[in-house]
**Student:** 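This structure is in structure tokens; I'll ask about it shortly.
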Amino acid sequence: MLRKIDTNLWVAEQPLKYFGLEVGTRMTVIRLINSKLMVISPISMDDAIIHQLNQLGEVAYIIVLNLYHHLFVADFKLCYPHAELWTVSGMERKRADLQIDQIITEGRNFLIDEVEYVLVQGFNTLDIKGYSPLNECVFFHPKSRTLIVTDIVFHINNQFASPSIKLLARLLGAYNQLRPTLLEKFATQDQAKVKFSIQQILKWDFERVIMAHGSIIEKNGKSQFKAGYEWFLELSL
């Protein structure tokens, strides 16, 4: 079910396993001035969520903010065939079956008038194929002072029921912290590009941080995000 976070801002969460571990996942919904909805990182749909979305407005944009959060996009697009699908670069090769309307590129300050974005360069993660780029795009919703990310930070804390995921977060240096893990730290080689991207993000005046995996940060999100990346980059920002 959708849960209201702020004016014109909602999330919906559901279980999701990654390498057998229950990490959960989160979808974010922004309602724009014209009552059109922007749905970020769609999750598996059900009748209740579809009904709620239809009550909020018209789903006009489906957004995929990195190369990993595409599992439910095709089914979501079937529910809303007239919505535009916007993705980061590389998705057109990874998911050739998707009809992509817009590739999010550098050189613009706004995706839609009410949302700003930064493309995070140089950030990699470690998966079964080795080092893989996320090609992550980060959103800022100024009206709610909210930063919306996918996998460039996690926030695993005591709200998670799974002892195994909490133990893993501790081992990877990311328990009860807003930061990437040691896996991303090991896989990311071009720290200069990451530093530049994070410095652009830190220009925004955000208080809240919504991520795909972990507990939402409601207060002091910017200072926690900054501290997390100072640990990640081993330098002051």
Side-chain angles (χ1 to χ4, degrees), residues 1-3 10-30 37-54 59-104 111 117 119-120 123-139 148-156 160-162 164-165 168-169 172 174 180-181 183-184 187 209-216:
M1 298 289 288
L2 288 172
R3 177 164 59 93
W10 295 262
V11 298
E13 295 128 348
Q14 67 184 200
L16 180 73
K17 286 189 176 182
Y18 187 67
F19 288 113
L21 293 170
E22 180 53 63
V23 296
T25 191
R26 178 177 291 114
M27 172 177 83
T28 304
V29 179
I30 298 172
L37 303 180
M38 175 183 291
V39 178
I40 301 164
S41 300
I43 60 176
S44 180
M45 299 300 291
D46 59 30
D47 290 341
I49 292 179
I50 291 172
H51 176 73
Q52 283 185 290
L53 286 172
N54 293 341
V59 176
Y61 305 99
I62 304 167
I63 314 292
V64 183
L65 289 185
N66 73 21
L67 292 177
Y68 280 75
H69 278 250
H70 57 83
L71 296 178
F72 307 109
V73 173
D75 289 342
F76 195 92
K77 179 71 171 174
L78 286 175
C79 294
Y80 297 99
H82 300 297
E84 293 184 16
L85 176 57
W86 294 49
T87 76
V88 293
S89 177
M91 190 60 70
E92 71 278 13
R93 296 183 295 275
K94 189 168 187 176
R95 290 292 304 272
D97 60 307
L98 296 175
Q99 185 176 343
I100 298 170
D101 297 289
Q102 184 80 29
I103 300 293
I104 303 169
L111 182 69
Y117 74 92
L119 289 170
V120 179
F123 188 94
N124 293 336
T125 190
L126 193 62
D127 61 19
I128 57 175
K129 297 178 182 178
Y131 303 158
S132 296
L134 285 182
N135 285 12
E136 176 145 344
C137 180
V138 172
F139 276 10
I148 302 169
V149 306
T150 309
D151 295 328
I152 65 162
V153 290
F154 307 96
H155 183 226
I156 309 301
F160 275 69
S162 169
S164 58
I165 193 66
L168 182 62
L172 294 178
T181 74
L183 294 179
E184 288 77 42
V209 181
I210 297 175
M211 70 297 296
H213 311 290
S215 302
I216 294 173

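The basis for the numbers below is simple: all heavy atoms, side chains too, and nothing from hydrogens, waters or symmetry mates.
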**Student:** Above 12 or not: heavy atoms from other molecules or residues under 6.0 Å from CD of Glu92?
**Tutor:**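 Count over threshold, so yes.
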**Student:** Donor-acceptor check, side chain of His213 to backbone of Gly24, threshold 3.5 angstrom: yes or no?
**Tutor:**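 The answer is yes, because a donor-acceptor pair under 3.5 Å joins these two groups.
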**Student:** Calculate, to the nearest 0.5 Å, the distance between atoms CD and CD1 belonging to Gln102 and Ile63 respectively.
**Tutor:** 9.5 Å
**Student:** Would you say that Trp10 contacts Met1 through its side chain, given a criterion of any heavy-atom pair below 4.5 Å between the two side chains?
**Tutor:** no
**Student:** For Val88 and Leu65, work out which heavy atoms get closest and say how close.
**Tutor:** CG1-O, 3.5 Å
**Student:** Hey, are Asn66 and Asn135 close enough side-chain-wise for a donor-acceptor pair under 3.5 Å?
**Tutor:** no
**Student:** Considering all heavy atoms of both residues, which atom of Leu53 and which atom of Leu2 are nearest to each other, and what is their separation?
**Tutor:**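 That would be CD2-CD1, 3.8 Å.
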**Student:** State, to 0.1 Å, how close Met91 and Ile100 come at their nearest heavy-atom pair, and which atoms those are.
**Tutor:** C-CD1, 3.9 Å
**Student:** Is any side-chain heavy atom of Asp101 closer than 4.5 Å to a side-chain heavy atom of Tyr61?
**Tutor:** no
**Student:** Can you tell if the side chain of Leu98 reaches within under 4.5 Å of the side chain of Leu85, non-hydrogen atoms only?
**Tutor:**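 A side-chain contact exists here, since the closest heavy-atom pair is under 4.5 Å.
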**Student:** Is any side-chain heavy atom of Val120 less than 4.5 Å from a side-chain heavy atom of Val138?
**Tutor:** yes
**Student:** Find the distance between OG1 (Thr150) and CD (Glu136) and round it off to the nearest 0.5 Å.
**Tutor:**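 Separation between the atoms: 4.0 Å.
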**Student:** What heavy-atom pair brings Ile156 and Gly214 nearest, and what distance separates the two atoms?
**Tutor:** CD1-CA, 4.2 Å
**Student:** Mind running side chain to side chain contact (heavy atoms under 4.5 Å, CB included) on Ile148 and Ile40 for me, showing each step along the way?
**Tutor:** CA-CA 9 Å; Ile148 302 169; Ile40 301 164; 4.0 Å; yes
**Student:** Give me the atom names and distance for the closest heavy-atom approach of Ile104 to Tyr117.
**Tutor:**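 Ile104 and Tyr117 have their closest heavy atoms at CG2-CE1, 3.6 Å.
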**Student:** Which value, rounded to the nearest 0.5 Å, describes the distance between Leu67 atom CG and Lys94 atom NZ?
**Tutor:** 5.5 Å
**Student:** For the backbone of Val11 and the side chain of Arg26, can you confirm whether one donor and one acceptor N or O come within less than 3.5 Å of each other?
**Tutor:** no
**Student:** Just grab all the side-chain hydrogen bond (donor to acceptor under 3.5 Å, both in side chains) pairs involving residues 39-53, residues at least two apart or on different chains.
**Tutor:**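 Output for this query is empty, none listed.
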**Student:** Between CZ of Phe72 and CE of Met27, what distance do you get to the nearest 0.5 Å?
**Tutor:**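 The distance works out to 11.0 Å.
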**Student:** Could you tell me which residues satisfy side-chain contact (heavy atoms from CB on, under 4.5 Å) with Leu183, sequence neighbours excluded, listed by chain and number?
**Tutor:** Leu126, Leu172, Thr181
**Student:** Any heavy-atom pair between the side chains of Ile152 and Leu134 that's under 4.5 Å?
**Tutor:** yes
**Student:** Can you find a heavy atom in the side chain of Pro42 that is under 4.5 Å from one in the side chain of Ile62?
**Tutor:** yes
**Student:** Which pair of heavy atoms, one from Ala12 and one from Ile49, lies closest together, and at what distance?
**Tutor:** CB-CD1, 4.4 Å
**Student:** Is it the case that the side chain of Arg95 and the backbone of His70 share a donor-acceptor pair, with hydrogens and angles ignored and the cut-off at 3.5 Å?
**Tutor:** yes
**Student:** Just list the side-chain donor-acceptor pairs under 3.5 Å for residues 75-84, sequence neighbours left out, or say none.
**Tutor:**
{"from": "Lys77", "atom 1": "NZ", "to": "Pro81", "atom 2": "O", "distance (Å)": "3.3"}
{"from": "Lys77", "atom 1": "NZ", "to": "Ala83", "atom 2": "O", "distance (Å)": "2.3"}
{"from": "Tyr80", "atom 1": "OH", "to": "Asn54", "atom 2": "OD1", "distance (Å)": "3.0"}
{"from": "Glu84", "atom 1": "OE1", "to": "Trp86", "atom 2": "NE1", "distance (Å)": "2.9"}

